[in-house]
Asks: 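Right, I'll just put the structure down here and ask away after.
Remember, it's a predicted structure, so these values are computed and weren't measured experimentally. Order of the sequence lines sets the chain letters (A, B, ...), proteins ahead of strands, with each chain counted from 1.
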Amino acid sequence: MIDLKLLKDNPGIIRQALLDRHENIDLDKMIELDKQRRSLLTEIQELKHQRNALSEKVGKLKREGKEPQALMKQAKDLVESVKELDKRQKEVDDKFFEAIKWIPNIPHGSVPVGQGSDDNRFIRGLKKPPDFDFDVLTHWEIAEALDILDFKRAAKVSGSRFILYKGIGAKLERALINFFLDLHTVQHGYTEIMPPVLNPTNCLYGTGQLPKLESDMYKCRDDGFYLCPTAEVPLTNMHRDEIIPEKQLPLYYAAYTPCFRREAGSYGKDVRGIKRVHQFNKVELVKYTVPANGYEEFEKLLSDAERAVKLLGLPYRIMLLCTGDMTFAAAKTYDIEIYAAGMKEWLEVSSVSIYDQYQARRANIRYRSTKGKVDYVCTMNGSGLATPRVYIALLENNQTKDGRISIPQVLQSYMDGKEYIE
RNA sequence: GGAGAGGUGUCCGAGUGGCCGAAGGAGCACGAUUGGAAAUCGUGUGUCUGCUGAGAAGUGGAUCGUGGGUUCAAAUCCCACCCUCUCCGCCA
């Protein structure tokens, strides 16, 4: 949620943000609703004040053993009009708060203004894809030859866009998850969490998936739960409605969870292989910080995720997303992309975003400063990393001329010391 | 799934219709004490929000799990729901 003071005092900033993000939202209507609700509120509060004053007098009279009938009648009449106004106010209020949920976050000043992925800015890493001196295969060709992914049976069990890992292929997936978790918890200081992955509606509003991404999530019919689309949801909602003492900040959390996405609207896109699937594994990193330290911690979070890619020895680059390519709630986002030699494309393996106080306002996560002031925390998160695309890159970049896959050294201890999949 | 107990501020906990935004304690902040600290003593300390104000502040409203209801007046009474704990049942 944006800061409501902005809407009242400085709507120009929001207007510019909407323009930069190419969001078509009727801001004037919201400003008008806000005015309405404020004036109604003032009116109601005045009446309630009168009522309260009368009630107080009634109490006093009774205590003194006097007759309060006249005052009680007066108060009763007042109450009627209060009820009427209350109802109207609630209607306007509901409309207003429903509407402002659709206002996205204000992009940070360092974010380039642009339309889409072509306007993203190269930050660091590899500028050109690496060369191979033989004909490289795609990951689905390699996986089938090595019998480590079973596409047919995945489809039989669950349909298209599902993965069935097999044998040492399954072990490789598990190795990646464990490597990521160990790296971030032992070396980067994150606390490991294993959260529930069925999350109720209010959690998804808290992190900003709802209302906008409703159609991209799986919903349980009978209980209203959503299947967790990213561990960001449980990790950020852990401290919902809390006031955290400043001394406890920053909080670092890392969690492995499966992630579920309907991929609605991507029919026919990336159907081969495991680039775009309905269920995938991801280790997610989430930080809660004091707003003043937000961007410093954000850069550190990025390098924590980057380190995972580096240690795996995969070719990567870091891109700064432009205003048009960022998600709804983010103020700034970096993507880490790995080059997949077989598919010949850059794959997003991590999206690292900072939300400033936007998520915290929605989820009501605050901190008490050492001086006693209460304010919203700053939240941020990033994948560290999402496995399927790392898996793709491993198969496609680490393939050898003779059809084997070399296992990166950091994974070998998780793979019974093996150096190759063959 | 059945039976019972309970949900109050940052935390613990008292409060059964008006003088209760809420005793007491812990914590936290500031000050005194100290060479410094601990301990001790003193003072302060919920949150959200409307209006006025440049601001300091002033003055209102709301808030005791959530939503309704009764009443001039609700933390307190009534109804529904949610959650937690204990016991029983079922079960990986």
Side-chain angles (χ1 to χ4, degrees), chain A residues 1-10 30-98 100-101 194-206 220 222-226 234 237-251 258 288 290 357-377:
Chain A
M1 197 162 77
I2 50 132
D3 188 350
L4 292 186
K5 280 193 198 99
L6 267 188
L7 190 66
K8 199 181 86 173
D9 302 333
N10 220 335
M30 293 180 199
I31 294 173
E32 183 50 40
L33 273 172
D34 191 34
K35 271 188 195 151
Q36 266 183 50
R37 88 174 233 287
R38 278 171 200 278
S39 73
L40 264 173
L41 236 131
T42 311
E43 198 179 340
I44 288 174
Q45 288 184 358
E46 175 53 30
L47 287 178
K48 284 191 174 170
H49 175 50
Q50 287 176 30
R51 180 204 59 190
N52 289 349
L54 282 173
S55 289
E56 214 171 295
K57 272 186 206 155
V58 169
K60 210 172 176 187
L61 285 180
K62 277 205 167 177
R63 253 173 282 132
E64 290 165 357
K66 288 178 187 157
E67 194 46 63
Q69 291 298 335
L71 282 182
M72 280 166 70
K73 202 168 191 183
Q74 211 180 325
K76 192 165 190 173
D77 294 340
L78 203 53
V79 165
E80 290 307 312
S81 38
V82 168
K83 270 186 183 163
E84 194 56 37
L85 275 176
D86 251 344
K87 211 183 268 174
R88 260 217 286 160
Q89 202 265 339
K90 221 197 147 207
E91 276 170 27
V92 177
D93 238 36
D94 287 351
K95 247 195 239 168
F96 174 72
F97 283 105
E98 174 54 37
I100 59 158
K101 278 178 194 160
M194 199 173 280
V197 296
L198 292 187
N199 305 124
T201 311
N202 54 355
C203 284
L204 289 134
Y205 271 108
C220 300
D222 290 340
D223 308 287
F225 287 118
Y226 288 87
N237 279 281
M238 275 172 69
H239 293 284
R240 186 153 44 91
D241 296 319
E242 287 184 19
I243 299 177
I244 306 164
E246 182 177 346
K247 274 185 188 160
Q248 286 175 23
L249 296 174
L251 292 167
Y288 298 68
V290 168
Q357 295 176 306
Y358 187 92
Q359 281 185 331
R361 254 183 238 111
R362 284 193 164 212
N364 195 28
I365 311 167
R366 294 170 295 173
Y367 74 100
R368 189 186 303 281
S369 76
T370 44
K371 282 176 189 145
K373 217 183 128 231
V374 172
D375 195 10
Y376 293 103
V377 298

Asks: Which one, C51(B), C72(B), C48(B), comes nearest to the side chain of M72(A)?
Replies: C72(B)
Asks: What does nucleotides 52-59 of chain B look like as a protein-contact string, B for base, S for sugar-phosphate only, - for none, at under 4.0 angstrom between heavy atoms?
Replies: --------
Asks: Any N/O pairs under 3.5 Å between the protein and nucleotides 17-23 of chain B? List them or say none.
Replies:
unit_1, atom_1, unit_2, atom_2, d
G18(B), O2', R63(A), NH2, 2.9
G18(B), O6, K62(A), NZ, 3.3
G18(B), N2, S55(A), O, 2.8

Asks: Please check: side-chain N/O of Q89(A) versus main-chain N/O of L40(A), any donor-acceptor pairing under 3.5 Å?
Replies: no
Asks: Between A62(B) and R51(A), is there an OP1 or OP2 to side-chain N/O distance shorter than 4.0 Å?
Replies: yes
Asks: Going by side-chain hydrogen bond (donor to acceptor under 3.5 Å, both in side chains), name the pairs with one or both residues in residues 55-72 of chain A, residues two or more places apart or in two chains.
Replies: E64(A)-K66(A), E67(A)-Q69(A)
Asks: In chain order, what residues pass the side chain to side chain donor-acceptor pair (under 3.5 Å) check against R88(A), with sequence neighbours excluded?
Replies: none
Asks: Name the stems with RNA chain B in them: runs of three or more consecutive Watson-Crick or G-U pairs, distances under 3.5 Å?
Replies: B:1-7 with B:82-88, B:10-12 with B:24-26, B:27-32 with B:40-45, B:46-52 with B:57-63, B:65-69 with B:77-81
Asks: Between atom CD in E242(A) and atom P in G65(B), what is the gap in whole Å?
Replies: 18 Å
Asks: Looking at residues 362-369 of chain A, who's got a heavy atom less than 4.0 Å off RNA chain B?
Replies: R366(A), R368(A)
Asks: Counting the atoms with a prime plus P, OP1 and OP2 as sugar-phosphate, which does K87(A) contact under 4.0 Å by heavy atoms, base, sugar-phosphate, or nothing?
Replies: nothing
Asks: Under the side chain to side chain contact (heavy atoms under 4.5 Å, CB included) rule, what do N202(A) and R240(A) come out as? Steps first, then yes or no, please.
Replies: CA-CA 10 Å; N202(A) 54 355; R240(A) 186 153 44 91; 3.2 Å; yes
Asks: Test of understanding: with side chain to side chain donor-acceptor pair (under 3.5 Å), list the residues that count as partners of D34(A), not counting sequence neighbours.
Replies: R37(A), R38(A)
Asks: Can you name the residues that form a side chain to side chain donor-acceptor pair (under 3.5 Å) with E43(A), not counting sequence neighbours?
Replies: none
Asks: Strictly by salt bridge (charged side-chain N to carboxylate O under 4.0 Å, His left out), give each pair with a member in residues 359-372 of chain A just once, sequence neighbours left out.
Replies: none
Asks: For G61(B), take OP1 and OP2 only and decide whether either is under 4.0 Å from a side-chain N or O of N52(A).
Replies: yes
Asks: N10(A): what forms a side chain to side chain donor-acceptor pair (under 3.5 Å) with it, not counting sequence neighbours?
Replies: none
Asks: Could you tell me how far apart N202(A) (CG) and C83(B) (C1') are, to the nearest whole angstrom?
Replies: 12 Å
Asks: What is the distance, rounded to the nearest whole Å, between atom CZ of R240(A) and atom P of U10(B)?
Replies: 16 Å
Asks: If you look at every heavy atom in C203(A) and N237(A), which pair is closest and at what distance?
Replies: O-ND2, 2.9 Å
Asks: What parts of residues 73-83 of chain A reach RNA chain B, counting only heavy atoms under 4.0 Å away?
Replies: A75(A), K76(A), V79(A), K83(A)
Asks: With a 3.5 Å cut-off and sequence neighbours excluded, list the donor-acceptor pairs that the side chains of residues 75-87 of chain A form with protein atoms.
Replies:
unit_1, atom_1, unit_2, atom_2, d
S81(A), OG, L78(A), O, 2.9

Asks: Yes or no on side chain to side chain contact (heavy atoms under 4.5 Å, CB included) for L251(A) and H239(A), after CA distance, side-chain angles and deciding distance?
Replies: CA-CA 10 Å; L251(A) 292 167; H239(A) 293 284; 3.5 Å; yes
Asks: Can you tell me how far CG of N364(A) sits from CG of D241(A), rounded to the nearest 0.5 angstrom?
Replies: 5.0 Å
Asks: So what does L71(A) touch, heavy atoms closer than 4.0 Å: a base, only the sugar-phosphate, or nothing?
Replies: nothing
Asks: From the set C51(B), U47(B), G61(B), return the single nucleotide nearest to any side-chain atom of Q45(A).
Replies: G61(B)
